[in-house]
Amino acid sequence: MALKAVNVTDVPNLDQVLENNASLSLYSSRFNSEGLELNSEATFKVPKFLVIGHRGHGMNILQSSDSRMKAIKENTILSFNSAAKFPIDFIEFDVQVTKDDCPVIFHDDFIFSEENGTVFEKRVTELSLEEFLCFGPQREAGKQGKSLLRKTKDGKILNWNVETDDSFCTLAETFQKVDPSLGFNIELKFDDHIVYQQDHLIHVLQVILQVVSEYAKDRPIIFSSFHPDAAQLIRKLQNTYPVFFLTNGGTQVYYDVRRNSLEEAIKVCMEGGLQGIVSEVKGVFGNPGAVPRIKESKLSLLTYGKLNNVPEAVCMQHLMGIDGVIVDFVQEISHAVDDMIIKPLNEGLREGDEETGTKSKLQFSQQELSFLLKLIPELIQH
């Protein structure tokens, strides 16, 4: 991997892309009256334990034996609105920009297809919008576009077959067609193996921000990115929505050391004025002492990863003080969180017992946490 360092302090402040309103409350009917606030000190307030649908209703793993991983095409309007039927707060999705400057929703760097028995790949950002939309199911009833394949992590090329398919979509359409009460966690997607020049990053981010400015209205939004420079730049370019730095939390090693630990993630956030971190959950479980350090830095902490599909692992994170989880099993985890966390807390508050509400977020010593975390491998086997 090669990531070019950008001196963010040299970037002109471009708040005209979005209205500069640092005290805006990102309110949604799915939250309580406190909403989500980016206050005058640019810190981010999370009023409840958030449940966020990964790529909507959940990511697709085509080789999985679990039918839930192939139920609905990920990163589509259908997936987003299917997730909205359950008690979640946000959906997470990946945004890239086509060569003709249209932000589209797609996770992988390349689209794979087959013509006359030959498999070929095309980089998403080198396609026009028209070319991008011609793959897979088409919007016209009964019309099918070019075949759509997917390359797995182990290099296999599989047909992208799911139980319920849907066509590709743009960011603008997502704002227009998805339940307006649902927050958006917009991941700014860049290829790990490309060195991006500063001018290019700024251009791509401005194109995305223009769409957000036009369509967001009152919808809660969080920006996030694995690219440290892009995360810091989106924070520099607007002062309305919180920005989180995505990290594997040390579970993988990258050329850019800023991506290799939670401690480095804290530095990226503090240097760039970001509001939070989104970490692979195993990185947090392997380094629980980082959680209080993140909190002391006045940063929010969300997690993603397969363990977030295990209710016990999610409940453990709530006890640790983590602010929310990105999940694939939206129905199961949202209901588990509602039963194990939200309802007990609300019952305590309704009874007027503030102490009960406070105690629902238990505090553990590091030794106790270390002991409890050792139970996670046992829990996920059942």
Side-chain angles (χ1 to χ4, degrees), residues 1-18 38 42 44 55 75 90 92-99 101-110 123-126 171 174 184-213 216 221-249 252 254-262 264-280 299-300 302 304 326:
M1 171 184 301
L3 294 175
K4 181 179 177 62
V6 175
N7 188 348
V8 178
T9 58
D10 293 337
V11 179
N13 196 312
L14 299 173
D15 280 332
Q16 67 268 26
V17 177
L18 289 176
L38 187 61
F44 182 56
R55 306 182 198 174
N75 277 333
F90 281 76
E92 180 271 351
F93 53 79
D94 310 274
V95 174
Q96 303 184 57
V97 174
T98 62
K99 69 177 183 181
D101 285 346
C102 182
V104 295
I105 315 298
F106 195 75
H107 174 270
D108 302 351
D109 297 319
F110 294 91
R123 185 178 291 278
V124 173
T125 54
E126 294 176 354
L171 179 61
T174 302
F184 285 175
N185 173 189
I186 300 175
E187 180 183 338
L188 309 167
K189 192 78 178 179
F190 296 94
D191 191 328
D192 289 342
H193 301 92
I194 293 180
V195 176
Y196 295 97
Q197 298 300 315
Q198 176 177 315
D199 289 347
H200 176 76
L201 287 175
I202 291 175
H203 174 75
V204 169
L205 297 176
Q206 283 182 308
V207 168
I208 294 170
L209 285 171
Q210 290 286 4
V211 173
V212 172
S213 178
I221 292 172
I222 297 171
F223 288 112
S224 64
S225 184
F226 281 105
H227 195 304
D229 300 324
Q232 292 182 341
L233 281 168
I234 195 76
R235 176 70 183 90
K236 181 71 173 177
L237 291 170
Q238 57 83 42
N239 201 25
T240 302
Y241 302 112
V243 180
F244 282 45
F245 178 50
L246 271 158
T247 178
N248 293 95
Q252 291 176 262
Y254 294 91
Y255 176 82
D256 190 327
V257 296
R258 295 175 293 176
R259 296 186 60 179
N260 287 339
S261 70
L262 289 170
E264 287 292 334
I266 294 173
K267 291 180 184 178
V268 170
C269 292
M270 300 308 290
E271 291 171 359
L274 310 188
Q275 285 74 37
I277 294 170
V278 185
S279 174
E280 218 293 343
L299 297 170
S300 297
L302 306 174
Y304 71 94
I326 299 173

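- Of all the heavy atoms in Leu274 and Ala231, the pair that sits closest is CD2-O, 3.5 Å.
- The closest side-chain heavy-atom distance from Thr247 to Tyr254 is not below 4.5 Å.
- Scanning all heavy atoms of the two residues, the minimum distance from Asn185 to Phe223 falls at ND2-C, 4.4 Å.
- With sequence neighbours excluded, the residues that form a salt bridge (Lys or Arg N to Asp or Glu O under 4.0 Å) with Asp108 are Arg150.
- When side chains are defined from C-beta on, Arg55 does not count as touching Phe93, because their heavy atoms never get closer than 4.5 Å.
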Item to check | Trace of the side chain to side chain contact (heavy atoms under 4.5 Å, CB included) decision for Tyr255 with Asp192 | outcome: CA-CA 10 Å; Tyr255 176 82; Asp192 289 342; over 6 Å; no
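- The minimum heavy-atom distance between Arg235 and Gly272, with the atom names listed, is CG-O, 3.3 Å.
- Looking at Tyr304 and Glu280, their side chains come closer than 4.5 Å, going by heavy atoms from C-beta outward.
- In this structure, Ser224 OG and Ile186 CD1 are separated by 9.0 Å, a value rounded to the nearest 0.5 Å.
- Here the closest non-hydrogen pair linking Ser225 and Phe245 is O-CD1, 3.3 Å.
- A search for ring-ring contact (aromatic ring centres under 6.0 Å, His included) contacts involving Phe244 returns Phe44, not counting sequence neighbours.
- Here the side chain of Asp94 pairs no donor or acceptor atom with the backbone of Phe106 at under 3.5 angstrom.
- A 4.5 Å side-chain heavy-atom check between Asp229 and Arg258 finds at least one atom pair inside the cut-off.
- The distance from atom CD1 of Ile222 to atom CD of Glu187, rounded to the nearest 0.5 Å, is 12.5 Å.
- Val243 has its side chain within reach of Gln238: a pair of non-hydrogen atoms, C-beta onward, lies under 4.5 Å apart.
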Next on the checklist: His203 vs Val97, test: side chain to side chain contact (heavy atoms under 4.5 Å, CB included). Steps then yes/no.
Outcome noted: CA-CA 10 Å; His203 174 75; Val97 174; 5.9 Å; no
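- Ser279 is listed as a side-chain neighbour of Leu262, based on a closest heavy-atom distance under 4.5 Å.
- Contact of the Tyr241 side chain with the Val212 side chain is registered, since non-hydrogen atoms from C-beta on lie closer than 4.5 Å.
- Looking at Ser300, its side chain never comes within 3.5 Å of a backbone N or O of Gly276 through a donor-acceptor pair.
- Nearest heavy-atom pair across Ile105 and Leu171 is CD1-CA, 3.9 Å.
- For the pair Gln275 and Pro242, the tightest heavy-atom approach, listed with the atom from each and the gap, is OE1-CA, 3.2 Å.
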Checklist entry - Could you go step by step and tell me if Val124 and Lys189 meet the side chain to side chain contact (heavy atoms under 4.5 Å, CB included) rule? => result CA-CA 11 Å; Val124 173; Lys189 192 78 178 179; over 6 Å; no
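- The structure places CG of Leu201 at 5.0 Å from NE2 of His227, a figure rounded to the nearest 0.5 Å.
- Ring centroids of Phe190 and Phe226 are separated by 6.0 Å or more, keeping the two rings apart.
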Checklist entry - Stepwise, does the side chain to side chain contact (heavy atoms under 4.5 Å, CB included) test hold for Val278 with Glu92? => result CA-CA 12 Å; Val278 185; Glu92 180 271 351; over 6 Å; no
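- The CD1 atom of Ile234 lies 10.5 Å from the CD1 atom of Ile202; values are rounded to the nearest 0.5 Å.
- Applying the ring-ring contact (aromatic ring centres under 6.0 Å, His included) test to His200 and every residue at least two apart in sequence or in another chain returns Tyr196.
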